[in-house]
There are 2 protein chains.
Amino acid sequence: MRVVKEAEERKNEILDAAEELFVTKGYDGTSTGDILDKVGIARGTLYYHFKSKEDILDALTERIGNAMFASAKRVADDKKIPVLERIIKCVACLKPRSDIGNEVIKQVHKPQNALMHQKMEKSILSGVIPIIGGLIEEGVSEGIFTTKYPLYAAEMLVSYSQTAFDDNFEQTEEETMLRIKAFIYHTEKILGVAEGSLEDKMIGMFS
Amino acid sequence: MRVVKEAEERKNEILDAAEELFVTKGYDGTSTGDILDKVGIARGTLYYHFKSKEDILDALTERIGNAMFASAKRVADDKKIPVLERIIKCVACLKPRSDIGNEVIKQVHKPQNALMHQKMEKSILSGVIPIIGGLIEEGVSEGIFTTKYPLYAAEMLVSYSQTAFDDNFEQTEEETMLRIKAFIYHTEKILGVAEGSLEDKMIGMFS
DNA sequence: TATAAGCAGACCGACAGCCTGTCGGTAAGA
DNA sequence: TCTTACCGACAGGCTGTCGGTCTGCTTATA
């Protein structure tokens with residue numbers, strides 16, 4: 001019955017189980033007992049590795065955040081690709097991995113998961129904004145963008161798009177389309193490029 | 001011992017107590033028992049008026065949202081004042097009433113209050129954005145602003161400022177100042193006004 | 001090299017304590 | 001008398017703790 005593993009391995013097992021459960025049943029909807037059953041360990045073991053349920057969430061958030069950060073970083077550093085395209089690809093990294101599926105997104109935005117949502121968002125934002133800020137900066141020095149505050153431009157665009165395209169608001173398809181167009185329009189203003197010049201490239205970001 | 005009151009009155013008593021407790025100890029940190037004690041009623045009474053703890057939060061959020069909405073609306077309709085000033089005053093309505101004090105803000109942003117935070121924000125945004133959107137529209141037809149999407153401009157500015165000036169990020173004073181300047185700069189871009197023209201008026205919003 | 005002793009890290013599960021929501025029953029006012 | 005407001009015991013669930021157990025690696029010893 002008793003199986004001993006290295007701490008790192010157990011921790012990851014617990015995080016794997018927690019990820020699936022949180023994503024399926026929500027954070028509040030998942031009890032530590034559920035995690036125990038899924039991993040097949042005893043209560044004490046869980047609390048040997050993590051000091052609380054929230055501690056598990058924090059570790060999980062960090063793991064996901066790091067993964068996103070890494071893939072965004074990889075894209076951002078690929079100097080062969082034009083800056084604008086790199087930005088768009090970076091933004092794509094913010095979306096949850098497709099193999100988990102769309103259920104996740106719905107779950108994360110249920111009110112019961114406010115805490116999870118908030119932590120995810122914060123972790124994502126703090127990691128990816130500097131990367132995109134750097135890309136905008138690159139664009140500025142290439143002369144294709146114009147802004148005195150590249151980093152804060154990134155902050156504004158990313159953090160707004162996180163809240164606006166979140167399913168937070170229930171909206172019809174036309175509203176969504178309008179919101180997207182408005183977003184692109186204002187992005188052009190913020191980055192100081194000609195009106196309409198980003199439309200073709202950016203429209204693909206939302207699909 | 002037994003005191004009978006009208007339902008509306010009791011409900012408000014409960015909401016008053018809940019507001020103070022949520023604000024002091026946080027939503028998760030407040031037990032229904034705390035509320036019971038504070039109001040001086042029994043368990044069953046609470047659940048006679050509200051169907052769950054979250055239901056209390058919802059009612060409270062709505063009450064606060066409505067108050068903000070009303071005062072913003074009043075400001076927005078005062079046609080004697082120039083549009084830009086009205087916008088600034090509306091934004092000021094978003095800040096919590098000063099008589100509750102600053103402790104509130106800190107509480108709301110603690111992780112334990114994610115749910116409260118989220119509900120407040122959503123309620124505020126959905127109520128006030130259309131008002132400010134209308135004001136921007138007014139500005140556009142007066143010829144002082146230029147944007148094809150006044151409503152979404154409002155959405156972007158308000159929702160970004162909510163997340164950015166939230167104590168969410170811990171930041172030094174210089175960072176805050178820089179962020180404010182950047183915000184004003186980008187606001188000018190979004191509203192299509194001359195660079196620097198909003199600085200004097202807007203800087204007062206953050207104090 | 002074989003064997004025993006020692007030890008720290010991983011693990012277990014009973015249990016305390018809190019918390020939410022329910023329910024049958026009770027008082028009070030119209 | 002009937003509806004509306006109220007009461008408080010109680011069930012059930014959940015988190016985090018704690019004393020104790022097991023395991024396998026390290027070190028000592030012959």
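In this text the structure is predicted, and so the values were computed from the model without any measurement. So that the names make sense, note that chain A is the first sequence line, chain B the second, and so on, each numbered from 1.
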So among Leu157(A), Val158(A), Leu151(A), which one has a side-chain contact (heavy atoms from CB on, under 4.5 Å) with Ile132(A)?
-> Val158(A)
Kindly indicate whether the side chain of Arg2(B) and the base of dC6(D) share any N or O donor-acceptor pair separated by less than 3.5 Å?
-> yes
Side chain of Ala42(B) (C-beta onward), nearest among dG21(C), dC7(D), dG16(D) = dC7(D)
Is any side-chain heavy atom of Lys122(A) closer than 4.5 Å to a side-chain heavy atom of Thr61(A)?
-> no
When rounded to whole Å, the CD1 to C1' distance for the pair Ile14(B) and dT20(C) reads 15 Å
Should we say atom CD of Glu54(B) is surrounded by more than 12 heavy atoms from elsewhere, each under 6.0 Å from it?
-> yes
Starting at CZ of Arg10(A) and ending at P of dG9(C), how long is that distance when rounded to a whole Å?
-> 17 Å
Whole-Å distance between dA10(C) P and Asn12(A) CG?
-> 14 Å
Quick one: does NZ or CZ of Lys53(A) land under 6.0 Å from the six-membered ring centre of Tyr27(A), within 45 degrees of the ring axis?
-> yes
Atom pair distance, as rounded to whole Å: CZ in Arg43(B) and C1' in dG12(D) = 13 Å
Result for 5'-nearest mapping on DNA chain C, choosing between Lys53(B) and Val4(B), is Lys53(B)
Tyr47(B) side chain near dT22(C) phosphate (N/O to OP1/OP2, under 4.0 Å) | no
Nearest-angstrom distance from the residue atom CG of Leu46(A) to P of dA10(C) = 15 Å
Rounded to the Å, how far apart are Tyr27(A) OH and dT15(D) P?
-> 9 Å
Protein-nucleotide distance (Phe50(B), atom CZ; dT22(C), atom P), rounded to Å = 15 Å
Atom pair distance, as rounded to whole Å: NZ in Lys5(A) and P in dC12(C) = 11 Å
May I ask you to verify if any side-chain N or O of His49(B) is less than 4.0 angstrom from the OP1 or OP2 atom of dT4(D)?
-> no
Name the nucleic acid region contacted by Ile41(B), choosing base, sugar-phosphate or nothing; use a 4.0 angstrom heavy-atom cut-off, strictly under.
-> sugar-phosphate
Does OP1 or OP2 of dA5(D) have a side-chain N or O of Thr45(B) closer than 4.0 Å?
-> no
Can you check whether Thr32(A) has a side-chain N or O nearer than 4.0 Å to OP1 or OP2 of dT15(D)?
-> yes
Measure centre to centre between the rings of Tyr152(B) and Tyr185(A), then say whether the value is under 6.0 Å.
-> no
Toward the 5' end of DNA chain D, by each residue's nearest nucleotide, Gly44(B) or Tyr48(B) = Tyr48(B)
